[in-house]
Every structure is written in C-alpha cells, then in structure tokens.
Amino acid sequence: MTTIKTTCEHCGDVELHPADLALELDPTADSGTYLFTCPACGDLQRRPANPRVVNVLLATGVSYDVVVPEPGPITADEIERFVHALDREEDLWRMLPSS
C-alpha cells in the first residue's frame, strides 16, 4: 500500500495512506490544498499543494473536490478600472441590453 510522508505542524513527520488525505483543487489554478488529520495528535492539518504535489497525490489515489473560491468584495482598483472604462465609452446607451 502506498505511504505518503508529510509533516504535522505539531508532531513533525507523519506517514499516511491515500485514504487519510483529501485534496481541494482550485479550478482557476493548477494547485490546491490537502487536508489530513494527524494520526499522532488528532489535529486537522491544511497544507498548500503546488502543481507537483497535486499530481503526486492524484496519482496515488487521494480523493479530491473542486472548490470554487468565493469572490471577495469589489476592490477600489476594480471600481477605478470600471470608471475609466465608462469614461472611454462614447455611447453608454450601446452598453444597455436591447429588449
């Protein structure tokens, strides 16, 4: 059976099996996060998974979910870009949907 070696932030190195881990994938990137419960202390650990780690975990049979990140609040930069886009538009009525 495949053994995966990782690190618990409290206990140090631990060995797990693919069924002991879960992978959360970001659909907008080729990376994600993996989670496991430390077999020594029982603490839930969450670790970033770069593309290489994602590939290794998937190849060993770790289950995964695609998690869509929730959008954050509109930023001042986004508002500023929107205002500039409106300023450049000569015919604002053209942007309205026709019925």
From [atom1] ([X]) to [atom2] ([Y]), nearest 0.5 Å:
X	Y	atom1	atom2	value
T3	M1	OG1	CE	8.5 Å
T7	D13	OG1	CG	4.5 Å
L23	T60	CG	OG1	9.0 Å
L21	I4	CG	CD1	5.0 Å
L25	D30	CG	CG	10.0 Å
H84	R88	NE2	CZ	8.0 Å

Please say yes or no: joined through hydrophobic side-chain contacts below 4.5 Å, possibly via intermediate residues, are I74 and L86 part of one cluster?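 They do not share one cluster, since no chain of ILVMFWY contacts under 4.5 Å joins I74 to L86.
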[X] side chain near [Y] side chain, heavy-atom distance below 4.5 Å:
X	Y	result
R52	N55	no
S31	P48	no
T6	L16	yes
D26	V68	no
V62	Y34	no
D20	P39	no
Q45	V14	no
E24	L35	yes

Do any N or O atoms from the side chain of [X] and from the backbone of [Y] form a donor-acceptor pair under 3.5 angstrom?
X	Y	value
H10	C41	no
R46	F36	no
E78	T75	yes

For the residue pair E9 and R47, what are the closest heavy atoms and their distance? N-NH2, 3.0 Å
How about CD1 on I79, more than 12 heavy atoms from neighbouring residues, nucleotides or ligands closer than 6.0 Å, or not?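 It does: I79 CD1 has more than 12 such atoms within range.
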